[in-house]
Every structure is written in structure tokens, then in C-alpha cells.
K.L.:
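I am attaching a structure below and will ask some questions about it afterwards.
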Amino acid sequence: MATAVVASLAAASAPRLLPLTNLRVGCRWALQQRKRCFELARQWSSASRFLFPERRVELREGKKERSLLVVAMDQVTSGKARSPSADDHTEPSSDAESELLHSLYAIPSIDKAWAIPSCQGGAGFDVVVAMSQVNLPANAKRTFLSTVYIPETSSATITDYHWSPFPFEISGASLIVPSPSGAKVLIIRNPKDSTSPTNLEIWGPGQLLREIFVASSVHGSVYGDGWFEGVSWSQNEESIAYVAEEPVVSRPVFGQSASTPGQNSNATLEAGNWKGQGDWVEDWGESYSGKRRPVLFVANVSTGAVQAVEGISRDISAGQVVWAPQPASPDGPQSLVFVGWSSYAENFSTPRKLGMKYCFNRPCHLYHVEAPVPDREPSDAPREATNLTEGVSSAFSPRFSPDGKKLVFLSAEAAVKSGAHNATNSLHLIDWPTDLIRIGEKPQVKDIVNVVQHAEEGAFPGLYCYNLVANPWLDDGSTLLLSSAWRSQQVILSIDVESGNVSRVSSSDSLASWNLLGLQNSCIVATVSSPIQPSSLHLGHSASVGSPLKGGKEWKWSAINVPSLKFASKIESVMQSMKYELLQVSPPKADPLKSLSVGSGQPFEAIFVSPTGSIRPLTEEPRIESIPPLVVVLHGGPHSVSQTSFSRNAAFLSMLGFNLLHVNYRGSLGFGEEALQSLLGNVGRQDVDDVLAALDLVIGNGMADPARVAVLGGSHGGFLATHLIGQAPDRFATGIARNPVCNVSSMVGITDIPDWCYVEAFGKDGLSNYSEAPSVKDLSVLYQISPIAHISNVKVPTLFLLGAQDRRVPVSNGFQYVQALRARGQEVKVIVFPEDVHAIDRPQSDFESFLNIGVWLKRFIQ
Ligand SMILES: *[C@@H]1O[C@H](CO)[C@@H](O)[C@H](O)[C@H]1NC(C)=O
Ligand SMILES: *[C@@H]1O[C@H](CO)[C@@H](O)[C@H](O)[C@H]1NC(C)=O
Ligand SMILES: *[C@@H]1O[C@H](CO)[C@@H](O)[C@H](O)[C@H]1NC(C)=O
Ligand SMILES: *[C@@H]1O[C@H](CO)[C@@H](O)[C@H](O)[C@H]1NC(C)=O
Ligand SMILES: *[C@@H]1O[C@H](CO)[C@@H](O)[C@H](O)[C@H]1NC(C)=O
Ligand SMILES: *[C@@H]1O[C@H](CO)[C@@H](O)[C@H](O)[C@H]1NC(C)=O
Ligand SMILES: *[C@@H]1O[C@H](CO)[C@@H](O)[C@H](O)[C@H]1NC(C)=O
């Protein structure tokens with residue numbers, strides 16, 4: 001496709017003819033100087049097309065605007081170019097960028113891994129790795145499994161591993177869950193529509209052992225969302241507990257032969273009848289549209305019988321189920337522990353369900369319930385599930401220790417209590433007596449790792465972990481491993497649950513990010529990646545084999561190279577010249593009258609990624625033009641974090657020749673609770689100033705040319721991008737926003753998380769002053785903190801990427817801002833993805849988004 005550079009022109013004065021040579025010069029000049037392009041085009045002749053050796057220029061007139069198309073001639077003549085048509089505004093793509101992005105899409109990602117004891121016994125084991133590659137034409141993902149055998153080893157580095165010769169694609173599987181012994185695997189295939197059955201396949205070493213079809217009248221899709229999701233094999237591997245959507249609620253039938261509307265809802269429709277809609281059922285908001293309540297089920301592996309778990313109130317959404325330890329007496333009842341979320345948002349005193357996705361401030365508790373015995377008649381009066389964590393407002397990710405004597409869990413109580421959507425987590429423990437906690441008993445909750453308010457330099461900044469692996473324990477049975485954000489890195493931590501001692505297990509020499517996938521024989525399976533290196537598999541074990549593994553021990557790491565993992569050689573060579581570093585940014589001076597917490601005065605970080613290899617000028621003063629243009633990249637949330645891990649889309653921008661600055665402004669995860677809380681009530685000011693402080697730092701260091709800076713962000717990052725082009729209009733040449741928050745006073749009435757608007761705008765008061773019917777006074781504050789309040793200052797072209805199914809920041813929020821910009825005569829490009837939700841991550845949408853972002857950035861800052 002041709003490089004079609006489209007400049008929209010406000011209706012201009014009558015053009016006059018220019019000589020061709022002038023035009024050629026003018027055109028080159030126009031390509032370099034976008035602004036001048038407008039003036040030039042305004043003077044151009046009424047002739048609509050010119051041809052000359054390198055460029056073809058077209059001036060086209062629409063009803064209201066003129067467009068100037070400059071098409072690279074070499075691409076036109078190569079035959080690949082499409083001749084631009086009247087509606088060509090949306091095709092600024094190019095072969096080179098598209099090819100580069102395609103080769104980045106070909107890089108497989110390592111999604112999960114299961115470490116499985118070897119069937120030969122001993123310390124050797126297998127690691128089954130689930131990887132995926134994007135299938136762009138199908139707009140889907142291909143998942144495939146490969147196995148590597150890790151032999152028993154006494155030396156500190158593992159070199160003698162064997163991969164299976166090639167991977168196998170697993171198509172149509174929603175979940176893959178090996179049994180603890182590794183002798184069986186459960187593959188769940190969710191139904192394609194609401195009337196088809198769900199398919200559970202149980203495979204043994206050599207064959208399919210059982211296939212269970214669960215009718216839609218029993219349950220709908222099994223949850224595989226990473227949050228409510230939970231599939232647990234019982235210790236004897238005879239039963240499976242899992243979370244699925246409750247069956248469809250029947251809809252009323254109306255019409256002539258429907259005797260009593262709403263009654264015979266089950267019946268097949270007769271002629272002249274139709275189904276009504278029935279009552280509205282509230283769902284969990286963004287990404288859960290139309291999803292029914294999560295409910296627990298137990299399947300008997302040998303008979304295939306499935307039974308719903310009784311004793312859970314209809315008001316509770318249940319998830320993350322695990323089996324409690326086997327009862328001491330063989331015929332004692334089996335029981336389950338699960339997480340329950342009330343439909344009533346207690347902390348905001350509202351009877352509604354507030355959006356669940358990405359929000360960890362929803363109160364939740366652990367419950368203990370008797371497991372049903374499939375095929376046996378359910379009892380008439382099932383015993384109510386017991387609330388195990390009444391004293392803690394948030395409890396999730398329950399895991400029993402290998403001896404069954406301890407139940408540990410994570411808590412986001414700091415988020416529940418402050419109202420922030422994410423905050424610093426804590427880790428807790430319940431002693432689980434061997435003589436079995438009786439259902440109904442209320443145990444004592446102990447604290448293991450508390451919320452860290454602020455940390456000294458280099459010290460543990462607090463827990464930022466939202467999910468534990470299925471078996472997080474080292475062989476000593478009391479050391480638990482997890483991955484957590486540690487400033488701008490993701491690290492692996494070991495926690496001694498007896499002393500609460502936390503130590504860093506992943507190498508502290510490297511700036512890369514580590515993710516724990518699983519454990520076997522005290523050997524850690526992890527992935528490591530960095531902005532300049534896609535994920536690779538690593539194995540870690542204690543340097544002193546056999547010694548008790550307490551905090552602070554040395555760990556040795558070996559890379560387990562996946563033989564098939566090869567990238568396009570061009571990518572490999574570009575990545576080799578890339579560099580990144582972490583910058584420490586001092587917070588801008590605050591209002592001296594405000595009392596500041598210690599944590600909010602500590603430096604925050606920014607990740608600087610450079611494609612050229614030289615981050616800082618080494619010898620003489622660099623010429624400012626030789627510095628790559630800079631893209632400031634801002635994460636959403638705001639309580640989320642940009643990490644030093646690999647991102648295909650960020651790598652794409654680097655490879656196009658941009659320096660990237662990912663700013664972890666105060667409020668980001670990983671920097672202690674005080675720094676995080678300092679943002680509440682100060683959005684649109686403190687975060688904006690933090691980004692500008694980081695930008696000043698790189699400009700001051702000679703790492704950026706102030707004339708060639710762009711800002712890019714999604715969600716809260718889009719809120720910041722639009723704020724920055726309004727509040728600091730001279731600092732950015734363009735802004736790019738994906739599903740941005742632009743007008744909080746309009747968002748509050750239409751989003752699934754109106755609580756976010758209150759907490760971010762009003763801080764602590766937001767929790768107590770929350771209202772489902774905001775007052776005019778509240779609305780005016782919400783307006784004041786919004787980017788739309790600064791729209792009259794915006795003077796640069798902008799690109800918007802919007803998902804029409806977004807319930808978090810509904811598409812009207814971005815559109816309102818876009819229309820306001822257009823009305824002011826600003827150049828705006830908008831792409832709407834009709835099927836996409838907040839994340840805009842469906843493969844084809846993601847591809848189109850970043851291809852356009854790349855081409856747009858080249859046009860405005862290169
Ligand atoms: C599974 O069902 C069989 C047959 O009813 C029964 O003998 C067995 O105990 C059941 N297993 C479990 C774990 O409930
Ligand atoms: C609805 O259908 C189910 C299964 O087909 C059946 O068991 C049940 O009796 C039916 N209920 C009514 C009210 O017809
Ligand atoms: C469990 O306890 C908490 C804290 O007291 C309470 O808010 C919650 O409603 C309880 N859950 C149920 C189902 O009663
Ligand atoms: C926990 O850490 C402290 C300080 O590092 C150390 O003194 C103590 O011995 C550790 N406790 C255990 C049980 O390892
Ligand atoms: C909360 O943190 C998780 C993990 O980093 C992140 O995926 C999510 O977007 C965050 N949510 C918000 C609202 O910041
Ligand atoms: C922002 O939202 C409010 C509330 O919906 C609305 O009244 C106002 O017109 C919006 N502002 C702009 C500039 O669109
Ligand atoms: C919250 O409500 C209290 C009492 O109604 C009021 O005094 C305070 O100003 C409110 N805070 C905000 C930020 O509106």
C-alpha cells in the first residue's frame with residue numbers, strides 16, 4: 001500500500017496554479033514540515049493531480065474540506081499501491097510498517113507452564129509450556145503445547161534438557177488444567193451458543209478417559225476470565241470443582257396460545273407465540289456483558305456426573321474455588337473453599353454491581369462449603385457456606401499448604417477501604433487444623449505481609465500481586481513464591497509464611513521483568529522479558545541444593561531455550577542495538593501548605609527505551625536533530641504500572657525509530673501505598689505534572705528534542721494524553737488516545753465504575769460522598785478535572801482509537817472530545833472498532849491501531 005499522507009484542510013481560498021518545479025520543491029518541503037503543508041496547499045492550483053518523478057500529489061475537494069495526498073512514487077510504481085479513492089482518509093498505512101508489525105506478531109508468547117513430576121520418579125520433571133501466536137486473518141489466537149524434560153541435576157546450571165520435537169496445536173480449548181500428579185489433563189471447550197452443551201474432556205497418558213457434555217440447562221460457559229476463574233482437581237484426582245455461568249433464565253412467552261404469559265417458558269414456541277425479554281439482569285460490567293452469575297460445580301471424573309454446589313446465596317458471585325484438604329476420616333464430607341463477591345458494593349453503599357474487571361476494590365470473602373456428591377440427591381436443607389474472613393474486607397487467591405495445615409490468601413483491603421481500584425496488597429493465613437475445620441467454624445486470620453506505606457531505597461515496596469500460581473510452595477512447605485510489581489519491574493518474591501520474611505528470588509542485577517509460572521521440586525519455572533527481549537523460559541533453583549530454603553538464599557538461573565523460538569532476523573538485529581534504562585524522577589514541588597506523606601515525596605520512575613543503542617550522548621554535544629523523536633507512553637488505571645517487560649506494540653514503535661518514555665507517575669503500582677494514595681483527588685494535576693517532570697528530565701539530559709515529542713496513552717493514559725495537549729500545548733507535536741477519559745462529568749453517568757470518578761476526583765471523600773445521582777456541584781468538579789476543560793488550548797493534530805463496546809469509558813466520551821476538536825477546526829483522525837471493548841485487543845483491531853499509530857507518529861514527529 002502506498003504511503004498516503006493526508007492533510008485535511010479547512011476550506012481555503014481559491015487556489016492558483018504553481019509551476020511544477022516549485023511544487024516538487026514544495027512537496028518535499030511539505031513532507032518535512034507538516035504545518036507549512038497547510039499553507040502551501042492553500043495556494044495550490046485547481047488542477048487536482050500532478051505527477052513527477054518521486055511523488056504524486058493530489059488535491060481533492062470534498063464538501064467541506066480539501067485533502068492533500070502525497071503518495072510516495074516508488075511505492076506507486078511497485079504495483080502494490082492502491083490508487084487512492086475518495087474515502088482514502090483512513091488508509092495511511094505502508095508496506096514497510098505493516099511488514100514489521102507482521103513479523104512482530106509472529107513472535108510466540110509463553111502464556112502458561114505446568115511443571116509435572118516425571119513418571120520415572122526422581123527429581124527429574126516435565127514442563128508443559130502453553131504458547132500462543134496471533135492468527136491475524138482469523139482474528140484469533142493459536143495455542144500450542146510443547147514439553148521439555150528437565151533431568152535430575154546436581155549441578156547449579158541446567159543444560160541437559162530435552163524438548164519434544166515439535167508443539168501441538170490445541171484448538172477450541174477454553175481452559176487446559178493438568179491434574180496435580182500430571183497423570184491426567186482436563187480440557188474444557190465452551191459452547192458456541194447458549195443452547196449447546198459445555199464439553200469437559202479428561203485425558204489420561206495415552207487416551208481420552210472421559211468426555212462429559214454438560215447441558216445448557218445445568219450450566220453455561222466455564223469461566224476462563226482469570227478472575228472468577230477456578231478449576232481445581234481434588235487430591236485423589238477423582239473430582240473436579242469449577243466455576244461456570246448459571247443456566248439461562250427462561251424468558252416469558254407471549255401470544256395467542258400462551259395461556260399464562262411467563263409460565264410455560266420452557267416450552268417450544270408455538271405458532272403465534274414469541275419470547276419476551278424478561279427482567280433485566282445486572283452483570284459485572286466491562287468485559288462481562290451478558291455473562292451470567294458465576295456458580296460452582298463439581299464433576300465426578302469416573303462417572304461424568306455434574307452437580308451444582310449448594311448453600312451459596314443468590315446474592316453471591318462465586319469463584320476461585322479450591323478443594324479443602326481431605327478429611328481425616330475417609331467418609332467425612334469433602335469441602336471446598338471459594339471466593340464470594342456480594343452484588344451489593346458495601347464500601348460505596350450502593351445496591352448495584354460495580355464493574356469488576358481491573359478493579360480490586362470490590363469487597364470479597366473466603367467461604368467454606370460442603371462439596372456435593374454428584375449423582376446423590378441434594379439434601380433438602382443444604383448447609384450455608386461459612387464466611388471464613390469476616391474480619392478482612394477483601395480475601396482472594398486461597399491456597400492450602402502441601403500439608404493442608406495452612407490456608408493463605410491475598411487481600412486488597414487497602415483498595416477496598418480507600419476506594420482506589422488497585423492498591424498495595426497484603427498476605428494472610430488461617431491455620432487449618434488437621435482434625436478439619438468444621439463447616440461453620442470461624443477461624444482466626446493472621447497477617448503475614450502487611451501493606452507497605454513507603455520503603456527505603458532498594459527495600460521491599462509492598463505486595464502487588466493479584467493471582468497466585470496453582471501450587472506456589474517450595475518443598476519445605478512454608479515458603480511461598482509469587483510475582484509482584486517492584487517499582488517498574490516485575491520480580492519473583494519468596495515469602496516465609498511463618499516469619500513473614502520477604503526476599504527477592506529473581507536476579508536483582510537485571511532490570512528485566514520476571515513472571516513465575518510454576519514450581520516443581522523447589523525448582524522455579526519462570527519467564528523473563530525486557531523491552532528489548534521477548535519472553536524466554538528460565539529455570540531457577542537454590543544454589544545450595546538440599547539446604548532449607550529460607551529467605552535471602554542465592555538462586556541460580558538457567559535459560560531453557562525453546563528450539564523453535566526464532567524471530568525474523570531483521571527484528572533480531574534491531575533488538576540487539578536497542579537499550580533501555582530506568583530513570584529516577586523527583587516529584588515536582590508540591591503546594592507547601594499541603595501536608596505530604598513521606599512516600600509521595602519519594603522519586604518515581606520512568607522507563608526510557610532507545611532504538612539506537614546510545615541512550616546518552618557519549619562524546620561531543622549531539623546535534624539535537626540526530627536524537628530520535630520521543631513518544632511519551634502512559635499507562636492506564638491510573639493504579640497500574642508500565643513494567644520492563646516485552647510489549648510487541650512498544651517494540652514496534654521503537655523499531656520505527658522512536659525513543660519511548662514510559663512514565664510511572666505517582667499513583668502507579670509498585671512504589672508503596674502512600675505514593676499511590678497521593679494521586680486520589682489530584683488527577684489531572686499531579687499526574688500531569690509528574691509526566692512533565694519526567695519529560696523535563698530527559699530533555700535536560702539531552703535525550704530528547706523538545707520539538708519532536710508525542711504523547712500516547714489509553715484509558716487513564718488517554719486522559720493524561722488529552723490533558724497534556726491541553727495544559728501543555730507547546731510541549732507535544734501530537735497526541736494519540738485510545739478509549740480516553742475526556743469528560744468525567746459525562747462518564748460518571750454511563751460507565752460501569754462511577755465509583756472511579758468519585759474516588760479519583762474527590763479522594764477519600766469520594767468513598768463517603770459517592771452518589772448514584774451526582775449533584776450539580778459534584779458534576780462541576782468532575783468537569784473541572786477533565787481534559788475537556790482545557791480543549792480550547794489544544795492546537796495539535798490528534799489520533800483517536802475507540803472501541804464501540806467499551807463500558808468502562810463509553811465511546812461517547814472520546815467522541816464528544818473529538819467533535820469539540822473538529823468544531824474548533826483541529827485535525828482529528830478517528831478509528832472506531834465496532835466490536836471492541838475497553839482494551840481494543842482483538843488481534844485485527846490491535847494491529848490496525850498500532851499500524852496507524854506508527855504511521856501517524858512518523859508523519860508528525862519524525
Ligand atoms: C463417583 O461416582 C461413583 C459412582 O457413583 C462413586 O462410586 C464414586 O465414589 C464417586 N466419586 C466421587 C469422588 O464422588
Ligand atoms: C423444562 O425443561 C426441562 C428439561 O428439558 C424439564 O426437566 C422441565 O420439566 C421443563 N419444565 C417445564 C415447566 O416444562
Ligand atoms: C461475610 O463477612 C463480611 C464481613 O463481616 C460481610 O460483609 C459479608 O456480608 C459476609 N458474607 C455473607 C454472605 O454474609
Ligand atoms: C527474617 O529476617 C530477619 C531480618 O532479615 C532475620 O533476622 C530473621 O532471622 C529472619 N527470620 C527467619 C525465620 O528467617
Ligand atoms: C490493577 O492492576 C492490574 C495488575 O497490574 C492491572 O491489570 C489493572 O489494569 C489495574 N487496574 C486499574 C484500575 O488500575
Ligand atoms: C461534559 O459532560 C457534561 C455532562 O454530561 C455535559 O453537560 C457537557 O456538555 C460535556 N462537555 C462537553 C464540552 O462536551
Ligand atoms: C462530602 O460530603 C461532606 C458532607 O456532606 C461535605 O462537607 C464535603 O464537602 C463533601 N466533599 C466533597 C469533596 O464534595
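The first residue of the sequence shown is numbered 1, and numbering continues consecutively from there. One-based numbering, in listed order, for ligands and for the atoms of each.
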K.L.:
Establish, yes or no, whether a centroid distance under 6.0 Å links the rings of Tyr466 and Phe360.
P.N.:
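Ring centroids of Tyr466 and Phe360 are less than 6.0 Å from each other.
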
K.L.:
With Asp836, which residues qualify under salt bridge (charged side-chain N to carboxylate O under 4.0 Å, His left out), at least two apart?
P.N.:
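Salt bridge (charged side-chain N to carboxylate O under 4.0 Å, His left out) check on Asp836 returns Arg842.
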
K.L.:
For Asp283, run the salt bridge (charged side-chain N to carboxylate O under 4.0 Å, His left out) check against Arg807, Arg352, Lys353 and tell me which one passes.
P.N.:
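Single pass found, and it is Arg807.
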
K.L.:
By number and element, which atoms of ligand 7 are closer than 4.0 Å to a non-hydrogen atom of Asn769?
P.N.:
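Per the distance check, 1 (C), 2 (O), 3 (C), 8 (C), 10 (C), 11 (N), 12 (C), 14 (O).
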
K.L.:
Could you tell me whether Trp227 and Trp284 have their ring centroids closer than 6.0 angstrom?
P.N.:
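No: the rings miss the under 6.0 Å criterion.
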
K.L.:
Got a donor-acceptor contact below 3.5 angstrom from the Arg399 side chain to the Leu468 backbone?
P.N.:
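Such a contact is found between Arg399 side chain and Leu468 backbone.
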
K.L.:
Which of the atoms in ligand 1, numbered in the order shown and given with their element, are less than 4.0 Å from a heavy-atom of Glu238?
P.N.:
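This gives 13 (C) as the contact atoms.
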
K.L.:
Check each atom of ligand 1 against the heavy atoms of Asn300 and keep those under 4.0 Å away; list them by number with element.
P.N.:
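So the answer, numbered in order with elements, is 1 (C), 2 (O), 3 (C), 8 (C), 10 (C), 11 (N), 12 (C), 14 (O).
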
K.L.:
Considering only heavy atoms, which protein residues lie less than 4.0 Å from any atom of ligand 5?
P.N.:
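Residues near ligand 5: Tyr358, Phe360, His421, Asn422, Tyr466, Gly637, His639, Ser640, Leu669.
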
K.L.:
Can you classify the ring geometry of His723 versus Phe719 as parallel (below 30°), tilted (30 to 60°) or perpendicular (above 60°)?
P.N.:
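Correct class here is perpendicular.
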
K.L.:
Is it the case that the ring center of Phe297 lies less than 6.0 angstrom away from the ring center of His219?
P.N.:
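Yes, ring centres under 6.0 Å apart.
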
